Structure formats: C-alpha cells, structure tokens
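So you know, we letter chains A, B, ... as the sequences are listed, proteins then strands, and number each from 1. Just so it is clear, the model here is predicted, and its values are computed rather than measured.
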There are 2 protein chains.
Amino acid sequence: MRTKDIEEKTGLTRDTIRFYEKENLITIPRRADNGYRYYDDKIIRQLKMISRAKALGFTLKEIKELTVLLYSGELTPTKMAGELSKKRDEIDEKLLKLSELKSEIDKALKGLCEYKDELNSP
Amino acid sequence: MRTKDIEEKTGLTRDTIRFYEKENLITIPRRADNGYRYYDDKIIRQLKMISRAKALGFTLKEIKELTVLLYSGELTPTKMAGELSKKRDEIDEKLLKLSELKSEIDKALKGLCEYKDELNSP
DNA sequence: CTTGACTATGGACTAAACTCTATAGTTTAG
DNA sequence: CTAAACTATAGAGTTTAGTCCATAGTCAAG
C-alpha cells in the first residue's frame with residue numbers, strides 16, 4: 001500500500017507518517033524500484049495503534065516503547081511480560097480516569113434532569 | 001489553599017496553573033492582602049479535572065469547553081445537556097479505544113504465556 | 001508527448017503547552 | 001533579626017509534534 005492509500009486508511013498525513021518513520025515509531029517500509037514506499041499490514045497495524053494511543057494522551061515516547069513491545073521481537077519474553085504488564089497498568093489508570101470524568105459529566109447531566117423535573121413539578 | 005499546597009494536591013506546577021489561569025481554564029482565584037492567590041475547592045476540582053483530561057489526550061481547548069460546561073453556570077440547561085452529551089460520547093469513544101489497546105496488550109501477554117507453556121511442555 | 005496527480009527529499013517553520021529567567025515582595029522558623 | 005522558603009510578575013525560551021516549502025522524480029490518462 002502506497003502513501004496516499006495509507007493516509008486514508010490511518011487518518012494520518014504523509015508528513016506525520018514520515019515523521020514517525022524518522023523517529024523510529026514504525027518499521028521502515030520497503031521501497032519499490034522507483035523509491036516509493038510500500039506499507040505492509042504490520043506497518044498499518046502500527047500506525048493504527050499509534051493513532052489510537054495518541055488520541056488517548058500517550059506521548060510519542062511512550063508510544064514508541066509500546067510499538068517496540070508489540071512489534072519488534074527484540075526483547076526477551078520475560079522482559080516483555082514485565083513491560084507489557086506495566087503498560088497494561090497505565091491503561092487501567094487511564095480507564096479509571098476516563099470513568100471518573102464520565103461520572104462527573106453524568107452527575108452534571110443528572111443535575112440538569114433534576115433541575116428540569118423541578119421546573120415541571122406541580 | 002496557597003500555591004505550593006495546590007501544586008502538591010494537583011500534581012501541576014505553579015507555572016502551569018498560572019498558565020491555565022491566564023488561558024481562562026480555571027476560575028480566577030481570590031487574592032489575600034499580600035497579593036497571594038488562594039485556591040478554593042471549586043478551583044481544586046477544576047485543576048484535578050484538567051489534569052485528568054490532559055492525561056487522556058484532550059487538548060486545552062477541549063478542556064476549556066468542558067470546564068465551562070461543568071463549572072461556569074453560564075449556559076442554558078438545554079444547551080448544556082446537548083454539549084455534555086457530546087462530551088460523553090467523546091469519552092465513550094476513548095473508552096473504546098482504550099479497551100482496544102488493552103486487548104492488544106492482553107493478546108501479546110497471552111502469546112507470551114503460550115510461548116512459555118510451549119517451552120515447558122514435554 | 002503532456003499534464004496533473006502521485007511520489008520523494010531535507011530543512012525551515014508553526015502551534016500548543018508549558019518552563020525558565022530576572023527581579024522583587026512576603027512569610028516562617030531559628 | 002536573618003536567611004531560606006515562600007509568593008508575585010512579564011516575557012523570553014524550550015519541547016513536542018507535527019506542517020510547510022522548494023525542488024524534483026514517477027505514474028497514469030488523455
């Protein structure tokens with residue numbers, strides 16, 4: 001898959017993807033004879049994961065750690081297990097924070113309903 | 001509560017809090033006679049919410065919208081309900097993304113366990 | 001062949017979100 | 001009282017994460 005296609009598929013711009021390649025966030029794509037990049041499925045998965053993690057407030061540094069863990073196969077299984085568990089904990093922390101935020105909004109919405117009910121009550 | 005205390009309570013630096021004040025992300029704190037800021041509970045709640053939302057990938061612009069919704073009391077209930085519902089949807093989207101990320105990590109961890117099991121199997 | 005759409009590159013530029021600097025007043029503990 | 005720790009300010013400086021620019025090769029359709 002070439003650059004324009006992958007822009008569409010991932011929602012990331014060419015420049016952003018190039019930036020990620022330069023920062024070693026993704027596997028270096030193979031090149032055709034004309035110098036064009038070809039992105040295989042693995043890289044697409046990486047980019048989708050980056051896009052997702054970015055939207056969740058992970059820094060590129062953190063995301064890089066994650067992609068190394070998930071896609072590079074350079075770590076020993078023991079090391080990987082340890083690091084993945086840490087990442088999992090970070091995610092649980094964010095899940096908690098999101099739930100808290102959601103609760104706050106639900107509370108405000110509930111307050112609005114009660115306010116409305118008061119307006120409508122006889 | 002004065003600045004150093006609030007730094008500790010929120011995990012945000014003085015400069016960051018000042019920045020948020022300047023950007024109108026928080027209610028302007030009252031001042032003592034000596035010019036020192038005093039932060040009441042409402043502001044502490046605001047700062048904690050900002051800290052949380054920031055860690056979840058919301059931009060300061062988005063966070064500002066949220067604090068207006070939750071803390072300012074300037075919007076009509078109908079408008080508020082609409083906007084809060086939108087924010088709630090955004091959070092649900094992030095919850096989904098987090099779950100997907102967590103699944104990917106769990107899958108990798110599971111793969112490691114199975115790899116270990118294979119090593120240990122007779 | 002031509003033209004427009006695609007691709008590439010390196011490096012300059014931008015925006016968001018702080019962080020630091022220089023200066024100076026106030027508080028607190030010894 | 002003294003010195004260190006606290007507070008304040010405005011504006012300059014830094015970091016992160018892209019985005020743009022200028023240039024030029026390649027592809028595809030007419």
- Using the salt bridge (charged side-chain N to carboxylate O under 4.0 Å, His left out) rule, collect all pairs that involve residues 50-61 of chain A, keeping only residues at least two apart or in two chains.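 For residues 50-61 of chain A, and leaving out neighbouring residues, the salt bridge (charged side-chain N to carboxylate O under 4.0 Å, His left out) pairs sorted by first residue read A:Arg52-B:Glu100, A:Arg52-B:Glu104, A:Lys61-A:Glu65.
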Applying side-chain contact (heavy atoms from CB on, under 4.5 Å), name anything that partners [X], two or more places apart in sequence or on another chain.
| X | result |
| --- | --- |
| A:Ala108 | B:Leu70, B:Leu84 |
| B:Thr76 | B:Thr78, B:Lys79 |
| A:Thr67 | A:Met49, A:Ile50, A:Ile63, A:Tyr71 |

Given atom [atom1] of [X] and atom [atom2] of [N], what is their separation to the nearest angstrom?
| X | N | atom1 | atom2 | result |
| --- | --- | --- | --- | --- |
| A:Asp33 | C:dA8 | CG | P | 14 Å |
| B:Asp5 | C:dT28 | CG | P | 11 Å |
| B:Arg30 | D:dA8 | CZ | C1' | 18 Å |
| B:Tyr39 | D:dC6 | OH | C1' | 13 Å |

Inset, instruction - Could you identify which residues of residues 44-71 of chain B place a heavy atom less than 4.0 Å from some atom of DNA chain D, listed by residue number, or say none? - result: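 Contacts with DNA chain D under 4.0 Å: none.
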Item checked: Sub-4.0 Å heavy-atom contacts from residues 9-19 of chain B onto DNA chain D, ordered by number ->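 When residues 9-19 of chain B is checked for heavy atoms under 4.0 Å from DNA chain D, the hits, listed by number, are B:Arg14, B:Arg18.
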Practice task
Is it possible for you to check whether A:Lys94 lies under 6.0 Å from the centre of the six-membered ring of A:Phe58, through NZ or CZ, and within 45° of that ring's axis?
Solution key: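 So A:Lys94 does make the cation-pi contact.
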Is there side-chain contact between [X] and [Y], with at least one heavy-atom pair below 4.5 Å?
| X | Y | value |
| --- | --- | --- |
| A:Ile91 | A:Leu56 | no |
| B:Arg88 | B:Asp92 | yes |
| B:Leu12 | B:Leu47 | yes |

- Message: Donor-acceptor check, side chain of B:Glu62 to backbone of B:Thr59, threshold 3.5 angstrom: yes or no?
- Response: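 It does hold such a pair.
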Qualifying residues under salt bridge (charged side-chain N to carboxylate O under 4.0 Å, His left out), relative to A:Lys97, sequence neighbours excluded:
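Salt bridge (charged side-chain N to carboxylate O under 4.0 Å, His left out) check on A:Lys97 returns A:Glu93.
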For [X] and [N], is the shortest distance between a side-chain N/O and OP1 or OP2 below 4.0 Å?
| X | N | result |
| --- | --- | --- |
| A:Tyr20 | D:dA17 | no |
| A:Arg37 | C:dA8 | yes |
| A:Thr3 | C:dC6 | no |

Once base and sugar-phosphate atoms are separated, protein heavy atoms under 4.0 Å mark nucleotides 22-27 of chain C, 5' to 3', with B, S and - as ---BBS
Q) When you match A:Lys22 and A:Gly35 each to their closest nucleotide on DNA chain C, which lands nearer the 5' end? A)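 Looking at DNA chain C, the more 5' nearest nucleotide goes with A:Gly35.
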Residue pairs, two or more places apart or on separate chains, that pass side-chain hydrogen bond (donor to acceptor under 3.5 Å, both in side chains) and touch residues 7-18 of chain B |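 The answer is B:Thr13-B:Thr16.
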List, by chain and then residue number, the residues other than B:Tyr38 in its hydrophobic cluster (Ile/Leu/Val/Met/Phe/Trp/Tyr, side-chain heavy atoms under 4.5 Å); write none if there are no others.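 The other cluster members (ILVMFWY side chains, heavy atoms under 4.5 Å, direct or chained) are B:Tyr36.
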Exercise. Would you name the heavy atoms of A:Tyr39 and A:Ile44 that are closest together and state the gap between them?
Key: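 Nearest heavy atoms, A:Tyr39 then A:Ile44: O-CD1, 4.2 Å.
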Worksheet entry | Degree of bending, the helix from C:dC1-D:dG30 to C:dG30-D:dC1 (end axes from five pairs; round to 10°) |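 The angle, to the nearest 10 degrees, is 20°.
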Residues 22-33 of chain A side chain polar contacts: donor-acceptor under 3.5 Å, at least two apart:
{"unit_1": "A:Thr27", "atom_1": "OG1", "unit_2": "A:Gln46", "atom_2": "OE1", "d": "3.3"}
{"unit_1": "A:Thr27", "atom_1": "OG1", "unit_2": "A:Gln46", "atom_2": "NE2", "d": "2.8"}
{"unit_1": "A:Arg31", "atom_1": "NH1", "unit_2": "A:Gly35", "atom_2": "O", "d": "2.7"}

Which part of the nucleic acid, if any, lies within contact of B:Tyr38, taking any heavy atom under 4.0 Å across all strands shown: a base, the sugar-phosphate backbone alone, or nothing?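 It contacts nothing in the nucleic acid.
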